[in-house]
Amino acid sequence: MRLSLNPLKPTRSAATAAASLCHVSADPKPPSLPPTSPSPSPSPEHSSSSISETLSLLQATDPSSWPTNSKLQTLLSSLSPSSVLKITRQLPNYRNALQFFNHLKTTSQSDSLSLAFQAVLEFAMRESPDSPGKLYELFVQEKEQGTPLSVNAGTLLIKCLSQAKMLDEMIMVFDAIDEEKLNTDVSNLVVAGLLKWGRVNDALKLVNEMLEPDSDYPPNSKTISILFSNILKRNWSDRGVTDEEIYNLVSRFGECGVYLDELWSTQIIKRFCRNGNSDKAWNFLHKAMNSGSVASCNAMLTGLEQDRDFTRMNFLVKEMKEKGIQPNVVTYGILIKHLCKFRRMDEALELLEKMKDGKLGVEPDVVIYNTLIDGLCKVGRQEEGLKLMERMRLESKCNPTTITYNCLIDGFCKAGELEKGHELFEEMSKEGVDVSVVTLNTMLDGMCRHGRVSSAMEFFSCMRQKGLKGNAVTYTILITAFCSANNIDKAMRLFDEMSENGCSPDAFVYYSLISGLTQAGRMDDASVIVSKLKEAGFGLDIVSCNILIGGFCRKNKLDKVSELLKDMEKAGLKPDRVTYNTLLSFFCANGDFTHAQKVMKKMTDDGLKPNVVTYGALIQAYCSNGKLDEAMKIFRDMGTSSKVPPNTVIYNMLIDSLCKNDDVEVALSLMDDMKEKGVRANTTTYNALFKGLQQRNWFEKALEFMDQMTEQACNPDYITMEILTEWLSAVGEIEKLRKFVQGYQVSASTA
DNA sequence: GCAAACTACA
């Protein structure tokens with residue numbers, strides 16, 4: 001270990017030595033010298049000659065004769081403290097330096113002593129770098145004898161002790177430095193040392209001292225980056241540094257004119273958003289930061305998007321424009337992703353065109369294209385996605401990547417076009433695009449969803465022969481598929497197999513198996529897997545408990561449910577939103593409003609906000625009890641005051657009830673609403689609607705929706721076919737049905 | 001700081 005803090009080289013002149021002494025610590029304090037500080041020698045020539053004279057005298061005589069050597073005494077008394085420092089440094093070794101230092105103790109003033117001691121420490125570190133303990137002993141000894149500690153000596157010791165994790169000793173040294181001489185750099189070192197070893201509270205205490213208004217060692221940019229790189233890099237949220245504290249700290253630094261750099265500011269915004277404190281992130285961006293950067297604005301936009309705070313998103317984009325913060329490709333990526341998420345594909349594509357026209361000053365990159373292709377596929381416009389892949393090649397010289405192909409394969413497979421998915425898969429190898437495990441999983445999932453579980457197994461083993469191994473997701477897909485095909489044994493076998501193949505199951509693999517077993521009503525087997533999950537070190541976790549509770553509810557075994565809830569309480573496992581939603585759904589489905597209300601109350605008492613599933617359970621309850629008005633009231637409330645936008649399932653329940661109630665007009669208006677809000681209708685939606693239309697015999701309307709289904713790549717299932725076959729053959733329009741079917745094959749799993 | 005597969009409850 002060689003300490004780098006040694007800017008003073010023995011060969012430099014006294015004047016520069018003294019000057020650099022002040023600069024050793026780039027102190028924000030002006031380098032004015034307090035009365036006790038060494039002052040530079042007035043005449044360098046004179047001093048350097050007396051330095052060399054003293055040095056030769058010291059080396060020519062025996063240390064025991066020094067006290068009686070009058071020439072030496074005269075020389076020493078004429079020397080400035082910085083000259084003493086130079087002399088000590090130029091002695092041959094630690095032993096000599098220590099001897100000289102001990103001699104000085106009998107004659108010299110404290111400033112010289114302090115600097116000589118610094119040189120002794122420098123020697124000690126060079127010669128026996130592994131014994132910080134010894135150095136500390138030396139320090140204690142000198143402290144007892146009243147030798148003042150120079151800032152530089154203290155700095156050396158602090159560095160050394162910090163490395164050796166001798167933190168209490170480090171603090172002792174820090175405290176021993178004269179308050180007036182303390183500077184920001186020394187304090188920073190101590191803060192860094194404390195943080196390095198996890199003494200967050202002590203570090204924060206010191207930082208708070210630094211932040212005091214009249215502090216002699218105010219924080220600088222180094223302080224803030226040391227502090228935040230440690231707080232943010234490691235996960236210390238559970239060690240007492242809360243978002244609140246972080247926010248207050250940054251504000252106080254800001255009051256001192258010290259700001260975080262872009263990188264850490266962005267990290268803080270991300271952290272606040274991740275912890276659900278986007279308000280704090282917003283305030284931070286607008287108050288505590290010197291100026292927003294593109295990166296921090298992008299992080300904020302991501303957070304707002306996840307929070308569905310679109311008002312602020314728009315506001316921020318506007319603000320960026322006003323402040324002259326140029327959006328970059330990532331900004332547009334976030335905005336396009338947002339539009340895709342809400343199925344506003346045409347607006348998203350418009351943005352792409354603007355980028356390509358050069359109107360925005362940013363060219364689309366491969367991520368932008370992939371986002372759009374994925375978006376198109378997710379709304380069933382996979383053919384357009386395919387065309388966009390061609391365009392990215394030709395018009396933007398962007399080569400499709402594994403992700404591009406994965407998105408397209410997923411699109412075609414989910415739409416039931418498994419052959420096209422295969423074709424694209426083959427094309428990847430031809431184009432030299434790597435196949436990844438995600439590609440494999442996407443293919444497998446597509447096949448499984450369409451009832452081709454055995455083809456999926458074949459494909460999997462074929463890929464394995466080619467050296468592509470599956471991961472936990474692969475097994476989750478297959479196990480889920482076998483469970484829903486009621487082949488629990490095969491699912492169990494796969495579960496055992498995966499460990500044999502060197503793939504350790506993650507929690508989700510367990511969940512899919514536990515879920516499959518509960519769906520099959522095999523609650524005892526499910527409990528066995530839960531204990532296996534615990535053995536595997538995942539602990540009794542809330543997800544498996546929720547799955548089991550759901551299973552017991554389905555079997556109407558409320559005693560088992562309350563038993564499980566008691567176990568959870570004993571284990572300190574708190575029910576979460578899913579737990580409450582499961583219970584709520586159970587009571588609602590049984591028309592037990594008294595208990596449902598109790599669950600709702602307990603949920604809000606626990607500080608859990610209702611989500612779309614919660615509202616769904618309530619709406620379902622009202623619908624099945626013929627209280628459609630109440631259901632609609634909740635529905636409207638969701639969109640406005642509660643910021644929980646209804647999803648497809650919610651619309652389906654309402655449309656189904658409305659149609660059954662012969663309120664087809666309102667059901668149709670909900671269909672428009674869905675389109676407007678970007679909620680995609682699925683097969684269940686259309687089935688409910690077709691039933692309603694059939695009652696009214698609104699044939700033309702039905703044809704319209706059949707076309708819409710085709711357009712949106714929404715597969716009819718056997719229920720659709722039953723309704724339409726009966727209706728259309730009755731009105732002699734079987735030809736229309738044939739055309740409709742040609743657009744889509746009824747998926748193998750449901751047919 | 002933006003993109004892909006799986007993920008319990010209505």
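Lettering of chains follows the sequences in order, A, B, ..., and the numbering in each one begins at 1. Hydrogens, waters and symmetry mates play no part in the numbers below; they use all other heavy atoms, side chains included.
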In whole angstrom, what separates [X]'s [atom1] from [N]'s [atom2]?
X: A/L335; N: B/dA3; atom1: CG; atom2: P; value: 12 Å
X: A/I269; N: B/dC2; atom1: CD1; atom2: P; value: 13 Å
X: A/K341; N: B/dA4; atom1: NZ; atom2: P; value: 11 Å
X: A/R274; N: B/dG1; atom1: CZ; atom2: C1'; value: 14 Å
X: A/L386; N: B/dA4; atom1: CG; atom2: C1'; value: 16 Å
X: A/I334; N: B/dC2; atom1: CD1; atom2: C1'; value: 6 Å
X: A/N328; N: B/dA3; atom1: CG; atom2: P; value: 14 Å
X: A/K337; N: B/dA4; atom1: NZ; atom2: C1'; value: 9 Å

Could you run down nucleotides 5-10 of chain B 5' to 3' and tag each one B, S or - for protein heavy-atom contact under 4.0 Å?
BBBBBB
Are A/K627 and A/F593 in a cation-pi contact, defined as NZ or CZ under 6.0 Å from the six-membered ring centre and within 45° of the axis?
yes
With heavy atoms under 4.0 Å as the rule, sort [X] into base, sugar-phosphate or nothing.
X: A/E305; result: nothing
X: A/V294; result: base
X: A/A295; result: base

What do the steps show when you test A/D307 against A/R312 for side-chain contact (heavy atoms from CB on, under 4.5 Å), and what is the final call?
CA-CA 10 Å; A/D307 252 31; A/R312 275 187 171 170; over 6 Å; no
Other residues, nucleotides and ligands only: do more than 12 of their heavy atoms fall within 6.0 Å of CZ on A/F315?
no
Check this for me: A/K356, atom NZ, are more than 12 non-hydrogen atoms of other residues, nucleotides or ligands nearer than 6.0 Å?
yes
Quick one about A/D524 and A/S527 (side-chain donor to acceptor, distance below 3.5 Å, no hydrogens or angles considered), yes or no?
no
Is the closest side-chain donor-acceptor distance between A/D445 and A/T442 under 3.5 Å?
no
Check: A/S515 side chain, A/S512 main-chain N or O, donor-acceptor pair, under 3.5 Å
no
